[in-house]
Amino acid sequence: MKFNEGMLREGALKDKNILVTGGGTGLGRSMGEYFLQLGANLVITSRKIDVLQETAKEMMEKNGGKVIPVACDVRDIDQVEAMWEKAKSELGQIHVVLNNAAGNFISPTERLSTNAFNTVLDIVLKGTSQVTLTAGKDWIAHKQAGTFLNIVTTYAWTGSGYVVPSAAAKAGVLALTRSLAVEWAKYGIRSNAIAPGPFPTEGAWSRLLPGDLLKKFDPAKKVPVGRVGEHQELANIAAYLVSDFSAYVNGEVITIDGGEWLKGAGEFNNLDQIPQEMWDMMEVSRGKKP
Ligand code: HXC
Ligand code: NAP
């Protein structure tokens, strides 16, 4: 067995209908593709219908199953409600919602226009809450169980300079996840989150590390295990959290970052840079025989 192989047994998501926002690209696409391999049917949604259609076609050619592309800007409640109705008319009951769509860019906060700040808040926090409310109200009204999985990031709890609207919005999504995990459990609705560290995707890396920044700030160097994540590793956790195997997991956020955020947090973690010879000298200077 290798860490980057599929983890769950065949058919683990059989007969589950799963909605993936931002499902045409990047991590949403990778998680969705693994769900499909495990027997689920998918609705993938985002703004760009041409991208969604191409992804759906490629996914079905490779894996079989059903992938329904539906255009929707999650910032617009009318589009969200129309997308939800379309998803149900295509697949019937939707069992799982993966809130993955996001927008982000790097900038000193004082350089952001009000509209720029609001754009990220609107996609990440308002978009997630609108999809969540639309699905949750429908599940409750029809006495159907359901599962939410929300993609946040580790700076949802640490905060981070230069991505402030994203940090504020992801913190909100984390609070939404934990709050509804308690409030809606009585309806058979579970809510969990995953906080990924760096995973290479065109969407995130071209915006967050544009041009030479990727060379100057190699993300792998900040990760104690010495590498960035592979998409299958994330897809494995996501598949577990949307499957019935995780029926007793509710309100949890699973971090998958190779130890990255803790490395930044621990007071003395930068002592990694001290060579062994210097530790030897320090031992001698406090009296230890060489
Ligand atoms: C500053 C910017 C900007 C930038 C746009 N704006 N890009 N400001 N720096 N790089 C400003 C615009 O000038 C405008 O303000 C406002 O933001 C809205 O811009 P639009 O282009 O009209 O917005 P829109 O077309 O809706 O696009 C949204 C977007 C875009 C967020 C700007 O990047 C996008 O579509 N992103 C989706 C994909 C994405 O970001 N993926 C990365 C997720 S990674 P004014 O005032 O001029 O009108 C992630 C976590 C990574 O979330 C964690 C890594 C460890
Ligand atoms: P990505 O490929 O850019 O994914 C973002 C997706 O969101 C795109 O498919 C985009 O599609 C969709 N989207 C953006 N605005 C939207 C809107 N208004 N309405 C509907 N959909 C919208 O980047 P990614 O790296 O895979 O990111 C996926 C998730 O992982 C995000 O939640 C991100 O915050 C999180 N994350 C990523 C990393 C990483 O290292 N990659 C780390 C931590 C967390 P359209 O453009 O077609 O709308």
Side-chain angles (χ1 to χ4, degrees), residues 19-33 43-56 69-77 79-80 83 98-128 130-131 149-156 158 160 162-171 173-174 193-211 213-214 217 219-220 222-223 228-231 233-235 237-238 253-258 260-261 264:
L19 171 75
V20 184
T21 71
T25 65
L27 300 179
R29 176 181 176 145
S30 297
M31 290 185 279
E33 185 151 10
V43 171
I44 55 174
T45 185
S46 75
R47 294 165 301 175
K48 299 187 191 104
I49 189 64
D50 50 330
V51 174
L52 295 170
Q53 283 166 340
E54 187 56 28
T55 298
V70 184
C72 167
D73 187 326
V74 291
R75 292 172 286 188
D76 179 341
I77 187 62
Q79 290 189 39
V80 170
M83 176 273 292
L98 171 54
N99 280 306
N100 165 79
N104 199 358
F105 38 71
I106 291 272
S107 174
T109 309
E110 70 278 13
R111 289 177 182 242
L112 291 176
S113 70
T114 304
N115 187 38
F117 204 105
N118 286 343
T119 296
V120 174
L121 287 183
D122 282 352
I123 299 171
V124 177
L125 182 53
K126 192 170 140 195
T128 302
Q130 291 191 152
V131 173
L149 178 59
N150 300 328
I151 304 303
V152 296
T153 172
T154 51
Y155 58 63
T158 61
S160 175
Y162 304 95
V163 285
V164 169
S166 171
K170 292 287 192 185
V173 172
L174 186 55
I194 302 178
F199 281 77
T201 64
E202 169 63 25
W205 291 37
S206 63
R207 286 180 181 85
L208 299 178
L209 295 164
L213 283 185
L214 188 56
F217 299 100
K222 287 172 61 205
V223 182
V228 293
E230 292 200 22
H231 287 206
E233 296 178 274
L234 178 68
I237 295 186
V253 52
I254 298 189
T255 302
I256 173 163
D257 74 341
E260 186 203 34
W261 85 267

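Keep in mind it's a predicted model, so treat the numbers as computed, not measured. Just so you know, ligand 1 is whichever comes first in the structure, and atom 1 is the first atom listed for that ligand.
At the shortest separation from atom 11 (O) of ligand 2 among protein heavy atoms lies S46 CB, 3.4 Å. Nearest to atom 51 (C) of ligand 1 among the protein's heavy atoms is L208 CD1, 3.3 Å. Protein heavy atom in closest approach to atom 14 (C) of ligand 1: N115 ND2, 3.8 Å. Ranking protein heavy atoms by distance to atom 36 (N) of ligand 1, first place goes to R207 NE, 3.4 Å. The protein heavy atom nearest to atom 37 (C) of ligand 1 is A102 O, 3.4 Å. Of the protein's non-hydrogen atoms, the one nearest atom 9 (O) of ligand 2 is T25 OG1, 2.7 Å. Nearest protein heavy-atom contact of atom 35 (O) of ligand 1 is R47 NH2, 2.7 Å. Shortest contact from atom 52 (O) of ligand 1 to any protein heavy atom: N104 ND2, 3.3 Å. For atom 16 (C) of ligand 2, the closest non-hydrogen atom on the protein side is R47 NE, 3.5 Å. Counting protein heavy atoms only, atom 3 (O) of ligand 2 is closest to G203 CA, 3.3 Å. For atom 41 (N) of ligand 2, the closest non-hydrogen atom of the protein is F199 O, 2.9 Å. Given atom 9 (N) of ligand 1, the protein heavy atom at minimum distance is F105 CD1, 3.6 Å. At the shortest separation from atom 28 (C) of ligand 1 among protein heavy atoms lies T119 CG2, 3.7 Å.
Here is the list of ligand 2 atoms found below 4.0 Å of a heavy atom in G26: 2 (O), 26 (O). Interface of K48 with ligand 2, defined as ligand atoms under 4.0 Å from a residue heavy atom, comprises 45 (P), 46 (O), 47 (O). Per-residue contacts place T153 under 4.0 angstrom from the following atoms of ligand 2 (heavy atoms of the residue considered): 43 (C), 44 (C). Taking every heavy atom of G103 and a limit of under 4.0 angstrom, the matching atoms of ligand 1 come to 31 (C), 36 (N), 37 (C), 39 (C), 40 (O). Counting atoms of ligand 2 from 1 in the listed order, those under 4.0 Å from a heavy atom of R75 are 18 (N). Taking every non-hydrogen atom of K170 and a distance limit under 4.0 Å, the qualifying atoms of ligand 2 come out as 31 (C), 32 (O), 33 (C), 34 (O). For ligand 2, the atoms closer than 4.0 angstrom to any heavy atom of D73 are 17 (C), 18 (N), 19 (N). Of all atoms in ligand 2, listed by their number and element, those nearer than 4.0 Å to a heavy atom of N100 are 28 (C), 29 (C), 30 (O), 31 (C), 32 (O).
T201 is listed as a side-chain neighbour of H231, based on a closest heavy-atom distance under 4.5 Å. Counting only heavy atoms from C-beta outward, the side chains of L112 and P165 approach each other to under 4.5 Å. For the pair L19 and V131, the minimum side-chain heavy-atom distance is below 4.5 Å. By the 4.5 Å heavy-atom criterion applied to side chains, T55 and P69 are not counted as neighbours. Here the side chains of N99 and V173 are not in contact, with every heavy-atom distance at 4.5 Å or above. With a 4.5 Å cut-off on side-chain heavy atoms, L98 and M31 count as touching.
Ligand 1 lies nowhere less than 4.0 angstrom from a heavy atom belonging to F199. At least one heavy atom of G197 sits under 4.0 Å from some atom of ligand 2. Between P198 and ligand 2 there is a heavy-atom distance shorter than 4.0 Å. Residue-ligand proximity: V228 is placed with every non-hydrogen atom at 4.0 Å or more from ligand 2. Put simply, no part of T21 is less than 4.0 Å from ligand 2, judged by heavy atoms. Within the structure, ligand 2 has I151 among the residues with a heavy atom less than 4.0 angstrom away.
The backbone N or O of I151 sits less than 3.5 Å from a side-chain atom of K170, completing a donor-acceptor pair. Side-chain N or O atoms of T45 include none that pairs as donor or acceptor with a backbone N or O of A71 at under 3.5 Å. With N100 contributing its side chain and T21 its backbone, the two residues share a donor-acceptor pair below 3.5 Å.
The proximity of R75 to ligand 1, defined as any non-hydrogen pair under 4.0 Å, is limited to the side chain. Looking at K222 against ligand 1, nothing comes within 4.0 Å, counting heavy atoms. Using a 4.0 Å cut-off between heavy atoms, C72 contacts ligand 2 through its backbone alone, with no side-chain atom that close. By the criterion of a heavy-atom distance under 4.0 Å, both the backbone and the side chain of V74 are placed next to ligand 2.
The nearest non-hydrogen atom to atom 21 (N) of ligand 2, considering only A101, G127, A71, comes from A101. Evaluated by nearest non-hydrogen atom to atom 46 (O) of ligand 1, the leading choice among S113, G26, A116, G203 is S113. By heavy-atom distance, the residue among A102, G22, P219, A204 lying nearest atom 14 (C) of ligand 2 is A102. Proximity annotation for atom 24 (P) of ligand 2: of T201, I194, I49, T201 comes nearest, heavy atoms only.
There is no protein heavy atom less than 4.0 angstrom from atom 19 (O) of ligand 1. Distances from atom 12 (C) of ligand 1 to the protein include no heavy-atom value under 4.0 Å.
Among the atoms of P196, none of the N or O lies under 3.5 angstrom from an N or O of ligand 2. No N or O atom of I123 sits closer than 3.5 Å to an N or O atom of ligand 2.
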